[in-house]
Undergrad: 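Below is a structure I'd like to ask you about.
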Amino acid sequence: MTESDILVEVRDLKVHFPIRRGVIFDRTVGHVKAVDGVDLRIVRGRTYGLVGESGCGKSTLGRALLQLIPPTDGEVRFDGVELTTLPAGRLRAMRRRMQMIFQDPMSSLDPRQNVESILTEGLHAHGIGGSRDERRKIIGETLDAVGLPQWALSRYPHEFSGGQRQRIGIARALVLGPELIVADEPVSALDVSIQAQVVNLLDELQDNLGLTYLVIAHDLAVVRHISDTVGVMYLGALVEEAPSDRLYTEPLHPYTRALMSAVPVPDPDVEDRRERILLSGDLPSPANPPSGCRFHTRCPWAQPTRCADERPVLRDIGGSRVACHFAEGIASGELRPHKTSGQVVRPEGEGDDPGVVSAPSEPGSFV
Amino acid sequence: GCAESDRDDEGSSGNKKDTLVFGVAGDPKVLDPSFASDGESLRVARQVFETLVRPEEGGTKVSPGLAESWTPDAAGTTWTFKLRSGVKFHDGTDFNAEAVCVNFNRWYNAKGLMQSPDVTAYWQDVMGGFAANEDDTLPPSLFKSCTAKDETTVDLAFTRVSSKIPAALMLPSFSMHSPKALEQYDASNVAGSADDIKYPAYATGHPTGTGPFKFKAWDIANKTLTLERNEDYAGEKAKLKTLIFQTISDENARKQALRSGGIQGYDLVGPADVEPLKSEGFNVLTRPAFNILYLAINQKGNPKLADLKVRQAIAHAINRQALVDSKLPPGAQVAVNFFPETVEGWNGDVTKYDYNVEKAKSLLAEAGASNLTLKFHYPTEVTRPYMPNPKDLFELVSADLQAAGIKVEPIPLKWSPDYLNATTSGSDHDLHFLGWTGDYGDGYNFIGTFFDRQKDEWGFNNPALFEKFKKADTTADQAARVALYKELNADIMNFLPGVPISHSPPAIVFGKDVTGVKASPLTDERFATAEFKS
Amino acid sequence: MFRFIVRRLLQLIPTLFGLSILLFIWLRRLPGGPETAILGERGTPEMRAAIRRNLGLDEPILIQYGRFVRRLIRLDLGTSISTKREVTTEFLQRFPGTVELTVMAMVIAIGIGIPLGYLAARRRGRFLDHASVGGSLIGICIPVFFLAYVLKAIFSENLNWFPASGRQDPTIEATRITNFFVLDGLLTREWDAAADAIWHLVLPGIALASIPLAIIVRMTRASVLEVLNEDFVRTAEAKGLTESVVRRRHVLRNAMLPVATSVGLLTGGLLSGAVLTETVFAFSGIGAFLADSISQRDYPVLMGFIMIIAVVYVMVNLIVDLSYSLIDPRVRVR
Amino acid sequence: MTITGAKKKEKIDRLAEVTARDERGVSLWQEAFRRLRRNPAAIVGAAILTVFVLVALVGPFLVPYGPTDTMGIREGVIKPGVIPGPSGDHWFGYDHQGRDVFSRMIVGARQTLLVGVVATLIGLAVGALIGGVAGAAAGLGGRWGRMVDTVLMRFIDMLLALPSLLLAVSIAALLGASLTTVMIAVGMVSVPVFARLLRGSMISQAGSDYVLASTSLGVKKSKIALTHVLPNSLAPVIVQATLTLATAIIEAAALSFLGLGNPDSAVPEWGVMLADAQPYLGVRPALAIYPAVGIIITALGFTLLGEAMREALDPKLRK
Amino acid sequence: MALLDVDDLSVTFGRRGQRAVHAVDGVCFSVDAGEVVGLVGESGCGKSVTSLAIMGLLPKQPGLRIGGKAVFDGTDLLQLDDRARRDVRGRDVAMIFQDPLSSLNPVIPIGIQVTEVLTRHRGMKGDAATKEAADLLDRVGIPDPRRRLKEYPHQLSGGMRQRALIAMAVACRPRLLIADEPTTALDVTIQAQILELLKDLVHSSGTALVMITHDLGVVAGMCDTINVLYGGRVVETARRRPLFREPRHPYTVGLLSSVPRLDAGRGERLNPIPGSVRDLLPWPEGCAFAPRCSRREDACVGEPPELVLTHEGRSYRCVNPAPVGPPSAAARQAGAATGAVPAPREEEKP
Ligand SMILES: Nc1ncnc2c1ncn2[C@@H]1O[C@H](COP(=O)(O)OP(=O)(O)OP(=O)(O)O)[C@@H](O)[C@H]1O
Ligand SMILES: Nc1ncnc2c1ncn2[C@@H]1O[C@H](COP(=O)(O)OP(=O)(O)OP(=O)(O)O)[C@@H](O)[C@H]1O
Ligand SMILES: [Mg+2]
Ligand SMILES: [Mg+2]
Ligand code: NI
């Protein structure tokens with residue numbers, strides 16, 4: 001694997017959302033550490049899968065990678081170009097090479113735009129396709145590629161089924177001929193049968209066009225199915241990164257193990273045989289993450305030493321990268337899990353909107 | 001059960017008999033009439049205070065008030081007043097010559113903010129300035145001194161002869177106050193700064209006069225002012241025990257209040273309501289018309305208007321009779337002079353301008369003004385005694401003018417202050433309505449006010465006319481003065497600075513069972529004589 | 001919570017400051033001035049000039065504004081040009097009337113609007129629904145002053161049930177403490193005075209309530225319909241709760257959230273003076289007085305009243321926000 | 001029920017391509033319009049307004065008498081306290097100036113419509129401009145954007161804190177009473193409503209995924225604001241505009257009541273007619289009732305249509 | 001006699017001017033005491049409507065028609081009047097919903113929401129009710145229940161909210177619990193907790209559970225009998241193992257082969273069902289699944305296929321069912337061969 005094979009390199013990426021409050025002027029009183037020091041590399045033409053619980057920072061990472069959210073700290077290199085310091089104009093030009101697919105196919109399509117204008121918008125922005133015919137041709141090819149009929153062009157998003165909408169979203173990303181596609185939960189809003197269609201489509205496109213994917217999902221099975229490398233995130237940081245098959249056969253991090261054991265498999269035999277590692281409690285608040293190993297509050301293998309005060313770094317263990325002080329011990333069965341009593345956390349972000357109320361929609365009156 | 005109707009049912013036979021609630025259009029501004037210029041303050045003052053001379057009941061002639069008689073000296077500058085004896089102020093102080101001088105000296109010696117024109121408007125209007133004018137623009141005072149010769153004889157000396165004396169002394173602003181109360185409530189201490197004037201306690205809550213009613217309470221929050229009978233009144237005591245003025249600014253609201261029994265009378269009755277109210281059995285009193293509505297023509301506005309022919313054309317174009325018949329209350333008259341017939345000096349033998357469209361057209365053609373467009377100002381949101389519904393009048397006059405080929409650009413403005421401001425200053429106005437209700441029965445109060453000098457309202461300069469006015473004003477002999485007024489009226493109607501339109505008798509209405517009030521052309525209705533008939 | 005209040009009050013300062021500058025310039029740009037209004041048709045140019053000079057209106061506007069601000073800092077709003085009473089006094093005399101009227105109108109609007117809106121939602125598509133929605137539409141479409149005349153013609157002139165104007169029968173000798181007539185009547189135990197004051201509030205209250213009532217009916221209806229479709233109502237039903245518990249505890253309480261907001265804002269709006277209603281009913285409140293003050297060009301009153309109204313408006317909004325956080329625990333104010 | 005094999009196949013094929021008709025797509029606006037057409041309230045509202053607009057357009061050419069013809073005065077039938085009622089020649093009778101009320105009502109429809117529409121347009125234009133700029137700035141603009149937004153919104157707050165009548169009256173004082181003044185005054189009163197509505201709507205739209213999607217395509221922010229955020233935020237504004245048409249007509253009447261209405265009697269407006277009738281309520285209440293009923297019915301038409309549009313455009317009901 | 005017998009249940013939403021929607025169309029299934037029955041199917045197949053119809057919770061809108069029977073313990077729930085139904089709901093039959101946040105009243109503390117069931121059906125009041133509520137919360141695994149009672153839904157995490165909902169549902173020890181996608185909104189780790197909790201509750205109290213889900217994995221681990229729904233009808237019913245081992249209906253086969261599996265390798269293509277759920281053939285005109293079916297025959301169209309009953313209570317509604325034999329045996333074998341059920345087995349016993 002030479003340097004040129006690496007399309008994306010992320011180093012120590014941090015995205016902290018300030019929590020502002022104050023009497024007159026807002027002061028920053030803390031940060032939601034949505035992404036807190038992530039290193040990863042995505043190999044050209046391969047798929048990197050990212051899993052983790054809701055709120056662990058997957059989407060934020062994906063968006064920060066595309067510079068849709070300005071990162072607080074760290075580097076993002078795309079094909080050798082440092083994106084974080086790129087001026088706005090050049091960044092916009094760069095966007096042609098990296099695209100995004102969204103989770104909710106409805107809300108990510110402008111309901112008042114027909115498919116044609118959804119697809120041409122990007123072309124216009126980058127000046128691709130001089131004439132209308134040329135653009136039509138590009139769009140037509142893209143529609144074919146995602147398996148949508150030509151008559152779709154004049155139609156509006158709400159006239160399509162969920163699967164078709166997601167195809168439109170994919171087509172929108174594809175028309176620009178990108179090299180990297182960040183897919184944020186591309187299938188989680190879809191029905192099982194449709195989900196498979198879209199997964200296959202992504203696979204096919206990669207084969208045909210040599211795309212590089214960063215696929216974000218919370219469904220481990222999906223991620224494992226389409227990824228070459230899988231990264232497991234917990235509370236803003238990677239806890240484990242391994243080739244897809246290896247992650248399944250030899251999960252090293254306790255969190256990965258728990259995750260694996262929790263995914264239901266549509267096979268009664270497997271289901272009956274397996275033992276679940278039940279984690280107690282929920283994800284702690286990213287505004288106030290636990291000290292040391294972020295997972296130690298819920299970890300069945302947490303040890304009295306190190307775990308609570310020393311933050312483990314990702315380290316190589318036989319082809320995987322794991323952020324656990326005791327990964328070897330756990331793998332060999334030396335250490336045994338114990339029942340944890342997790343603290344219960346309040347969900348952050350709920351009920352945070354200050355009491356802003358809107359005016360009634362009646363104009364003033366000279367009563 | 002409801003409180004209101006309960007009281008109505010039983011109250012009509014009991015205590016309500018001697019309590020009259022009278023609806024007025026605005027809040028009084030101040031209780032000391034020395035500082036008042038608004039009609040509502042003066043209406044209150046007329047019940048609480050008395051003046052040396054007063055208008056005859058139901059008329060405008062100067063008749064005895066606190067003074068039984070008055071005589072000028074030979075030069076006509078010093079007037080001797082013989083006072084009534086045995087009169088007491090509400091606080092028990094005696095009324096005498098000394099008290100008269102205290103009052104006049106208080107006004108004359110006004111200092112500081114009391115010299116502000118919005119504080120002592122009527123004094124300045126009548127007397128000009130003060131003992132020591134603090135503002136250079138103030139004219140010298142007409143009043144010179146007051147001498148108490150004995151208990152009941154007082155001499156008022158003036159610096160020159162004036163048409164205003166003694167008629168102007170009927171104005172409520174020259175009411176007699178109790179010297180003790182003036183002292184006690186710091187009546188002359190108009191405090192604060194020029195842009196932040198504060199009235200003294202006397203003016204806001206302790207008016208003390210000799211009138212048939214005593215001040216009782218002023219409830220700003222309820223917009224009511226309550227007077228009660230002065231049991232020690234020197235003359236015939238008031239029949240009502242309590243008199244309440246309640247402010248109801250909306251005309252319809254006043255009518256509805258009267259009909260529902262909430263009030264037992266109100267002023268400023270719409271002309272359209274006179275007949276209906278009468279037929280419902282209410283006592284509608286019509287005041288003798290003591291006013292004038294005119295159409296002013298500003299000669300500085302449109303150069304064509306400086307041409308007499310054009311002005312004559314305008315006068316001929318307007319069907320004043322139709323206007324009076326259809327829009328003004330019964331008893332209204334078309335005006336021939338700029339002052340009502342009841343004022344001495346009225347002249348029936350002046351140039352008259354009958355309604356004649358053809359003549360108007362030909363006059364315009366002669367003047368080369370066939371294609372005239374005139375800015376016509378009229379006020380909105382106001383009813384004046386001489387002008388009950390300006391918009392309606394405007395529409396009719398404007399239609400008449402158009403019929404004669406004069407185009408009209410309507411400019412409606414809010415009466416206060418936009419309209420007054422626009423029509424009485426500057427020159428950007430061609431035609432407008434305005435009028436006047438007389439303060440007292442002297443002709444100068446009408447035509448003198450309008451034409452005795454160059455004014456922005458009219459935009460003409462006629463030195464001969466102005467000279468004649470000066471002469472009239474300073475003529476001490478009543479008969480000679482009246483003769484001059486007659487001449488002036490004829491001159492004015494020849495010169496035709498504007499078109500006198502009408503004199504309309506304002507109406508005042510009382511409940512079906514209220515009697516005893518006589519309508520006054522000067523709105524000097526005396527509630528002391530009002531009573532409920534049983 | 002405390003911080004939130006302080007913050008909102010501090011935010012008020014720049015708003016008020018901006019408002020005062022805006023107003024000051026705006027008002028002085030209006031043609032005509034208080035002198036014309038004071039003197040009426042009797043004023044001579046000299047008298048007018050003298051008044052302008054006395055009032056300092058001939059000075060540069062910045063100096064005038066500076067004087068205003070200096071006074072304001074001492075919490076002195078000056079005196080009215082036309083009545084020569086202190087602006088604060090005027091306000092204290094007239095605002096209570098507006099408040100009473102507003103309260104009456106809102107009591108009527110809420111008392112009828114919420115039950116009616118609720119019933120309309122429950123009987124969606126049936127007669128009551130159509131009737132109340134239709135009625136509320138008409139309520140919005142009737143010019144208030146016309147409604148006021150009609151009400152008075154029927155209920156005062158013909159039936160003589162209610163007084164036609166004023167805040168209290170002037171023949172009643174009532175003691176004034178706060179100028180809230182109803183409250184004063186209760187405080188001084190002058191029951192008939194209090195009753196009479198309430199009686200005087202009925203017709204203007206109804207006239208003024210017509211628009212808020214219509215808005216509340218429709219909002220309640222829409223809100224209840226929305227809540228009826230919420231999952232938690234289904235949960236409550238699934239628990240087998242009785243209809244009345246479901247209705248009170250689950251439906252109405254949640255449906256009231258948006259209604260409460262608009263009630264607050266409507267109240268805030270009414271508090272700035274119901275000019276037409278006050279005029280037509282000869283009701284002493286700030287609305288009609290403000291309108292008068294415009295035609296009098298009574299600058300101190302205008303400036304003072306509007307600044308106070310702005311503060312009141314912001315306070316009402318603040319209270320709405322705070323109460324919102326009380327009924328809805330999800331909203332945290334800070 | 002048996003179907004032959006070929007037919008069956010055809011049927012299934014058709015189903016496989018259920019939506020494959022060679023038709024243009026139906027945009028959300030068209031969808032909303034379809035829903036609107038099915039709503040009886042909308043139909044009633046539209047019917048009222050159609051009649052109203054027709055009368056406004058052609059009525060003035062058909063009226064029996066001129067609206068300013070004071071024939072009653074000429075004929076001498078108008079006296080203080082006497083205004084003749086309906087007759088064969090004058091269906092609605094004379095007014096206080098001896099004019100034909102029926103003709104004035106018809107001609108007045110046009111003015112009333114004009115006042116409502118122009119006032120609303122003024123409010124909409126100014127409000128939408130302020131709200132649009134603030135919304136775009138707040139939603140997409142970063143720190144500077146927030147500042148712009150704050151300034152604009154403070155300004156709107158100030159407008160809101162001003163009693164609306166004072167605003168209108170002072171505008172009238174500044175400009176003098178005229179038709180334009182009424183339009184501007186009534187329009188200005190609705191500015192804060194439009195501004196806040198559009199701003200709120202734009203801010204919420206600016207946070208949606210499709211904006212992010214366009215950003216990731218490399219589209220400029222200004223273009224996103226204009227082509228995505230704005231069109232998607234318009235629905236509530238359009239609904240509000242329809243409802244404001246109703247209130248504008250009523251408020252114009254209120255202004256007339258205060259003597260600030262259009263002074264030109266050649267172009268009667270219902271609000272002015274209603275206000276002018278006040279002194280004659282005691283003589284002939286019908287003079288007030290005709291224009292009042294006209295105003296109520298027209299306002300009702302706009303309100304019905306507006307409410308129906310609110311339902312039709314409601315994203316929650318979109319299916 | 002089963003605890004609940006749903007017989008020919010059909011629900012139609014009629015709308016003015018539009019074609020009626022047959023959301024549920026002759027659904028039959030039964031539930032025995034202590035049994036876990038699954039209803040599986042994709043979005044819009046009528047799972048929720050079925051459960052709501054049984055509970056009598058469908059919104060009362062004009063044009064709604066409910067047919068068939070739902071006999072619970074001898075009484076037809078569909079025939080009960082409102083009063084009687086309210087008595088049954090929450091006491092004998094309880095239900096939990098998909099979205100735990102929106103299913104809880106946001107402005108009322110959890111405690112009140114739990115105790116109101118106790119008050120309604122068990123007549124408990126005051127301290128007794130509070131205590132019982134705290135016990136309930138404790139039972140569903142909410143730590144520090146006393147304090148939680150005073151908190152509002154938004155102060156709890158998603159898992160805790162769902163536990164609270166479950167606590168309310170089981171407050172009266174219902175004999176039948178219907179869970180409509182109880183874990184769809186939750187993360188896998190939390191889902192595992194909740195499923196475990198439900199299993200425990202069913203086992204310990206003998207409550208029958210109707211488990212509604214679209215996740216085949218969930219039913220695989222929980223249910224005794226599984227009904228697969230498509231287009232408002234049950235297309236296949238089977239006990240758990242037979243269903244997964246030998247799915248007969250092409251739809252079931254398609255579903256199983258569409259699901260990416262944790263134990264399948266990278267790069268294996270999935271076998272999706274073509275088309276989308278919207279491409280329905282109305283049942284009266286044939287098999288609704290026909291337009292998407294790979295085993296379609298001419299016989300599939302024209303008349304709706306009958307439910308075919310085979311041994312062990314199995315049935316399917318297909319004229320050309322898949323042959324007996326697992327759909328992707330290779331994949332599963334691969335998974336089984338690696339033995340990769342990653343959890344260490346002996347150590348943990350909750
Ligand atoms: N704009 C923002 N401002 C403040 N906090 C944010 C913002 N966006 C995200 N967060 C917070 O950052 C954390 C990570 O969010 P993110 O959306 O990246 O999670 P996720 O892993 O994608 O979750 P999900 O699976 O639910 O999509 C969350 O706690 C979230 O509340
Ligand atoms: N109130 C209603 N009015 C009209 N149609 C309805 C109504 N409720 C549900 N439907 C329709 O009934 C069908 C079945 O809906 P249901 O909610 O039972 O699906 P589901 O299987 O629960 O799907 P999901 O997995 O999305 O929850 C759908 O086509 C839906 O559109
Ligand atoms: Mg996400
Ligand atoms: Mg469902
Ligand atoms: Ni694959």
Side-chain angles (χ1 to χ4, degrees), chain B residues 2-5 7-8 11 15-16 19 21 27 29-30 37 116-118 121 124-125 135 137-138 192 194-199 204 219-224 226 242 244 246-250 252-253 256-257 259-262 381 414-418 420-422 424-425 434-436 449 456, chain C residues 31-43 45-51 54-56 67 78-79 82-86 90 93-94 96-97 149 152-153 156-157 160-171 176 179 181 192 195-196 199 279-282 284 288 295-297 300:
Chain B
C2 63
E4 176 69 17
S5 56
R7 213 186 344 276
D8 265 353
N15 59 346
K16 198 138 203 190
T19 299
V21 184
D27 288 332
K29 298 240 157 76
V30 65
S37 55
S116 182
D118 57 326
Q124 295 187 34
D125 194 31
D135 193 317
T137 58
L138 280 174
D195 63 337
D196 198 31
I197 298 173
K198 293 184 176 77
Y199 282 141
T204 54
D219 190 352
I220 298 163
N222 198 23
K223 297 187 179 221
T224 54
T226 310
T242 314
I244 299 171
Q246 181 177 17
T247 308
I248 304 175
S249 53
D250 185 67
N252 273 311
Q256 289 182 315
R259 283 206 180 125
S260 71
E381 240 199 300
K414 271 191 78 153
W415 171 254
S416 169
D418 309 317
L420 291 170
N421 196 51
T424 57
S425 61
L434 212 55
W436 185 262
T449 312
D456 282 339
Chain C
E35 70 282 359
T36 329
I38 292 170
L39 298 172
E41 57 258 81
R42 295 165 186 279
E46 297 80 43
M47 289 165 97
R48 278 194 224 137
I51 293 184
N54 282 346
L55 291 174
R67 222 175 17 232
T79 44
S82 71
T83 68
K84 309 275 192 285
R85 281 188 291 262
E86 296 213 7
E90 292 285 4
Q93 298 274 7
R94 295 167 204 275
Y149 283 133
K152 282 207 286 181
S156 312
E157 288 186 52
N160 216 338
W161 288 356
F162 296 98
S165 48
R167 288 183 65 191
Q168 199 171 54
D169 189 325
T171 58
R176 302 272 178 261
N179 285 325
F181 289 6
D192 61 331
D196 188 63
W199 216 236
T279 308
V280 172
F281 284 96
S284 172
S295 51
Q296 301 286 326
R297 298 288 188 271

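Numbers restart at 1 for each chain; the letters A, B, ... are given by sequence-line order, proteins then strands. Hydrogens, waters and symmetry mates are skipped; everything else that's a heavy atom, side chains included, is used.
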Undergrad: C:S156 and B:S260: which non-hydrogen atoms are nearest, and at how many Å?
TA: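 Closest heavy-atom pair between C:S156 and B:S260: O-CB, 3.4 Å.
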Undergrad: Mind checking salt bridge (Lys or Arg N to Asp or Glu O under 4.0 Å) for C:K84 and listing every partner two or more places apart, or none if nothing turns up?
TA: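 With neighbours one apart ignored, the set is B:D118.
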Undergrad: Hey, which of C:E35, C:R94, C:R85 has the most heavy atom pairs under 4.5 Å with chain B?
TA: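 The candidate making the most pairs under 4.5 Å is C:R85.
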Undergrad: side-chain contact (heavy atoms from CB on, under 4.5 Å), that's the test. Do B:I220 and C:S284 meet it? Break it down for me.
TA: CA-CA 8 Å; B:I220 298 163; C:S284 172; 5.7 Å; no
Undergrad: Taking every non-hydrogen pair under 4.5 Å, which of B:D27, B:T224, B:I248, B:I197 racks up the most with chain C?
TA: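 If we count pairs closer than 4.5 Å to chain C, B:I197 comes out on top.
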Undergrad: Who pairs with C:E86 by salt bridge (Lys or Arg N to Asp or Glu O under 4.0 Å), at least two apart in sequence or on another chain?
TA: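 By the salt bridge (Lys or Arg N to Asp or Glu O under 4.0 Å) rule, C:E86 matches no residue at all.
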Undergrad: Checking B:T242 against chain C: side chain, backbone, both or neither under 4.5 Å from a heavy atom?
TA: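 Contact with chain C is absent: no heavy atom of B:T242 under 4.5 Å.
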Undergrad: Counting only non-hydrogen atoms closer than 4.5 Å, does B:D219 touch chain C with its backbone (N, CA, C, O), its side chain (CB onward), both, or neither?
TA: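 Answer is side chain: those atoms of B:D219 sit under 4.5 Å from chain C.
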Undergrad: Could you tell me which portion of C:A49 (side chain, backbone, both or neither) has an atom closer than 4.5 angstrom to a non-hydrogen atom of chain B?
TA: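 It is neither, since no heavy atom gets under 4.5 Å.
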Undergrad: Go through the atoms of C:F281 and report whether side chain, backbone, both or neither lie under 4.5 Å from a heavy atom of chain B.
TA: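 C:F281 has no heavy atom closer than 4.5 Å to chain B.
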Undergrad: What is the distance from atom CG of B:N252 to atom OG1 of C:T279, rounded to the nearest 0.5 Å?
TA: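 Nearest 0.5 Å value for the CG-OG1 distance: 12.5 Å.
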Undergrad: Could you tell me which non-hydrogen atom of C:P170 sits nearest to which non-hydrogen atom of B:I244, and how far apart they are?
TA: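 In this case the closest contact between C:P170 and B:I244 is O-CD1, 3.4 Å.
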Undergrad: When you look at B:N222 and C:R176, which way does the side-chain contact (heavy atoms from CB on, under 4.5 Å) test go after all the steps?
TA: CA-CA 10 Å; B:N222 198 23; C:R176 302 272 178 261; 3.9 Å; yes
Undergrad: Would B:D196 and C:T79 satisfy side chain to side chain donor-acceptor pair (under 3.5 Å), going step by step from the backbone distance to the final call?
TA: CA-CA 5 Å; B:D196 198 31; C:T79 44; 2.5 Å; yes
Undergrad: Relative to chain C, which segment of B:Q246 carries a heavy atom at a distance below 4.5 Å: side chain, backbone, both, or neither?
TA: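 For B:Q246, the contact with chain C is made by the side chain alone.
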Undergrad: Taking B:P117, B:A257, B:A121, B:A253 one by one, which has the highest count of heavy-atom pairs under 4.5 Å against chain C?
TA: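 Looking at each of B:P117, B:A257, B:A121, B:A253 in turn, B:P117 comes out on top.
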Undergrad: At their closest point, which heavy atom of C:A282 faces which heavy atom of B:K223, and how far apart are they?
TA: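 Closest heavy-atom pair between C:A282 and B:K223: O-CD, 4.2 Å.
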